[in-house]
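Order of the sequence lines fixes the chain letters, A, B, ..., with proteins taken first and strands second; residue numbering starts at 1 for each chain.
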Amino acid sequence: METHLGERPPTSPRNDSERHWLTRCQAGDPAAFQPLLRPHLAGLLALARRHCRDPHWAEDLVQETLVRAFRALPSFRGDSALRTWLFRILVRLASEPQRWRRGETGPSLDGVDVPDRLDAVAEHDAMARELQDRLDEAMERLTSKQRTALHLRAVEGLDYAAIAGVLQCSAAAARMHVLEARRKVLGRVQEHLDP
Amino acid sequence: MNRPPCPRTDDVLAVHLDGDVDGTSSGWSGLEALADHLRDCAGCQRELQRARRLDAALAEGAGRAAAAHAAADGSLDALLGRLCAPERLAAEAATVAVRSPRRTVVRAGLAALATIAGLAGIWSAAAATSPPERNAVSPIEVAALEAAPVAAAERNATSDEVAPRAAVPPPLQVADSAVRARPQVAASTAPDDLAELERFVDPAASLHARLAAVQRLFGGERPRVRLPHEAMLALVHELAPGCAGPAGRIVMAAAHDGVRGNAPFVQWLRAALQRIEATRGPVPLDDVAALLVGSRLGVPELDAAVLRVLRRHPEHSATVAAALRSDLRRHGAGDLLLDAWSDLVERGQQQDDVATAGLWFADQPAAVYSDVAAALATARSSPRRVRCLLALQWSSDPAHTRQLDQRARGGNHTEALAAGRERHAASD
């Protein structure tokens with residue numbers, strides 16, 4: 001049997017809980033929607049932030065995803081994991097970049113005091129921030145599919161098959177997106193990653 | 001593009017980092033051979049280490065971002081409650097009637113063709129003339145905001161105007177004389193700021209005095225001035241109507257620029273918009289004024305809030321469209337209108353047709369149509385392109401007319417209809 005990192009084993013307690021809330025939701029109980037979605041909200045927010053740097057637009061994207069999911073839930077058959085299905089809705093919505101990526105500006109350094117010397121902890125924090133900024137910038141330069149694929153792999157731990165489910169492509173294409181994205185991002189940040 | 005140091009690096013990463021052990025990797029047989037290669041290949045070892053650090057850094061950054069987002073609401077549960085309260089979702093679900101844009105536009109196009117054919121028999125002379133002049137709308141402001149947030153306008157529709165334009169409701173404008181019933185500003189706090197505010201809102205004050213008051217309130221020297229609630233309210237009521245005449249426009253443009261950079265004011269507006277979002281039934285007048293001003297500032301967080309308000313209160317579509325007719329927003333007005341329209345079409349509350357386009361786009365300033373033309377050039381989804389084309393029907397810019405003509409002769413049937421193929425069919 002194939003093991004997919006992105007699909008949860010059918011007997012896990014979390015899966016049982018999810019099935020319980022899903023059944024209630026599909027039976028028409030709107031109060032079951034929040035507990036059903038609760039475990040996936042942070043993941044949705046994180047993926048939305050990859051598509052919209054502005055947090056308010058990210059929140060808007062997540063809200064729209066939740067509304068679409070709520071509507072489509074009665075027809076959700078469980079062919080894929082709920083999390084994968086939610087990601088797919090979000091990625092489809094985000095495919096109109098004008099909608100979710102406008103009004104963005106880079107972080108402003110106006111009014112930020114930059115000390116001449118940093119202590120060890122501050123220096124470490126500053127380097128970590130620098131790495132995150134470079135990472136964000138490198139991720140921005142990827143295509144939408146590459147960005148999504150690498151995020152789903154590195155952050156969510158989805159396997160190629162699950163990523164393919166989100167991106168609506170073959171597993172081989174998903175593999176290519178992940179590897180290509182990683183290569184591009186590494187090319188831009190590798191000096192910050194080397195010890 | 002960066003090439004991997006070894007032709008097997010991709011396979012090494014796919015197997016060791018991504019757990020791709022089910023044989024999908026091409027040209028690689030067996031995990032043992034992979035392990036042997038990795039032991040001997042310094043390039044693959046280095047890439048694997050870097051890639052592991054990269055994945056860890058990405059995960060850490062994403063976790064921080066999501067946690068910071070949730071922290072703004074207090075907790076993830078609070079955020080979840082705000083984003084998908086059960087009664088709200090139930091209300092959303094009740095409006096599910098997703099329409100096919102293609103079908104709607106085709107239906108509108110066929111109706112237009114039928115109307116044109118009928119009219120051609122009656123007005124043969126009119127049929128021989130040029131297509132209807134775009135943007136022939138000339139609204140007259142009739143109502144004050146004390147009674148309603150926006151005023152309905154009479155439209156100078158000529159008798160020989162062909163459908164579907166004839167079916168378009170008149171565009172709404174914010175009355176210049178609206179919102180004069182300002183709340184009294186409490187004089188007990190921040191007397192200097194309140195005095196400036198009084199000067200700004202004083203209709204009898206000179207242009208120079210009002211401009212100077214705006215500068216002192218929101219100019220560079222005091223970018224963080226925080227007014228009390230009553231003063232914020234008074235300011236919103238002053239800004240809400242927009243402007244009357246060129247002089248009024250100068251003052252209002254300066255005031256909008258000023259408040260745009262004032263974080264406490266933006267946060268105050270955001271709170272007002274969130275209040276509207278949570279409101280059932282009629283929206284209080286104070287909050288309608290906040291919606292008018294919030295629509296004009298072009299601040300991303302306010303735009304997102306405005307869209308959420310419209311999803312909950314689609315009856316205020318005309319309020320937002322009217323707010324943007326004042327031409328006080330610097331950029332992004334067209335995008336906001338397109339987004340709002342898309343949301344309501346998705347919820348089955350509006351349609352993709354010329355009449356609905358008129359509700360949003362009739363009589364808008366030129367910058368709005370420029371936004372729409374730019375959106376048309378880059379939109380990836382067909383429904384969005386269709387909306388752009390329908391919106392551009394309301395522009396009088398010859399460049400947009402040419403753009404429509406090109407699309408009307410294009411291969412995509414739905415988009416050609418939206419661009420006005422029926423006009424061409426009639427005039428050819």
Side-chain angles (χ1 to χ4, degrees), chain A residues 2-3 5 30-31 33-34 37-38 41-43 45-47 49-50 54-60 62-64 66-68 70-71 95-99 102-104 128 131-132 135-136 139 150-151 153-155 159-161 171-172 175 178-179 182-187 189-190 192-194, chain B residues 1-2 4 10 13-14 18-22 24-25 47 50-51 53-70 72 76-77 79-81 83-84 86-87 89-90 92-93 96 298-301 303-305 307-308 311 332 335 339 342-343 375 378-381 384:
Chain A
E2 286 183 7
T3 304
L5 296 174
F33 193 63
Q34 279 194 23
L37 267 292
R38 171 71 173 75
L41 185 62
L45 271 173
L47 182 57
R49 286 296 293 268
R50 278 283 163 234
D54 184 289
H56 302 97
W57 286 115
E59 188 181 305
D60 203 47
V62 169
Q63 188 183 49
E64 194 62 8
L66 296 180
V67 169
R68 307 278 176 112
F70 183 76
R71 281 185 198 164
S95 66
E96 191 64 66
Q98 268 191 316
R99 171 70 196 263
R102 63 193 164 82
E104 294 177 356
L131 171 61
Q132 287 300 332
L135 270 179
D136 288 345
M139 292 290 276
L150 181 56
H151 176 94
R153 175 64 217 135
V155 178
D159 69 358
Y160 293 154
R175 176 185 193 269
V178 171
L179 294 174
R182 203 181 266 136
R183 194 180 305 148
K184 284 181 178 174
V185 174
L186 274 175
V189 301
Q190 63 185 26
H192 294 273
L193 291 169
D194 288 338
Chain B
M1 180 174 34
N2 295 289
D10 277 355
L13 295 183
D18 298 341
D20 182 35
V21 293
D22 59 1
T24 58
S25 52
E47 287 304 300
R50 280 178 177 161
R53 289 191 202 110
L54 169 65
D55 284 12
L58 282 170
E60 186 189 343
R64 274 189 196 167
H69 203 122
L76 209 54
D77 286 324
L79 176 62
L80 187 64
L83 292 182
C84 58
E87 68 276 9
L89 289 169
E92 292 264 14
V96 176
V299 176
E301 65 179 286
D303 279 359
L307 290 175
R308 286 197 288 270
R311 288 177 202 146
D335 293 315
D339 291 344
S342 299
D343 281 352
T378 54
R380 289 184 186 170
S381 79
R384 192 168 183 96

Engaged part of Ala42(A) at the chain B interface, taking heavy atoms whose separation is under 4.5 Å:
both

Among Ala57(B), Ser342(B), Ala56(B), which residue forms the greatest number of heavy-atom pairs with chain A at distances under 4.5 Å?
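Going by pairs under 4.5 Å, I would pick Ala57(B).
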
With sequence neighbours excluded, what pairs up with Asp55(B) under the salt bridge (Lys or Arg N to Asp or Glu O under 4.0 Å) test?
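Expected list: Arg182(A).
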
Heavy-atom cut-off 4.5 Å, strictly under: side chain, backbone, both or neither for Ala379(B) against chain A?
both

If the threshold is 4.0 Å, N to carboxylate O, is there a salt bridge linking Arg50(A) and Asp136(A)?
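Salt bridge present between Arg50(A) and Asp136(A).
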
Salt-bridge present (Arg308(B), Glu59(A); N to O < 4.0 Å)
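So Arg308(B) pairs with Glu59(A) through a salt bridge.
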
Taking every heavy-atom pair that is under 4.5 Å apart, which of Arg68(A), Met139(A), Arg49(A) has the most such pairs with chain B?
Arg68(A)

Residues passing the side chain to side chain donor-acceptor pair (under 3.5 Å) test with Asp343(B), sequence neighbours excluded, are Arg99(A), Arg311(B)

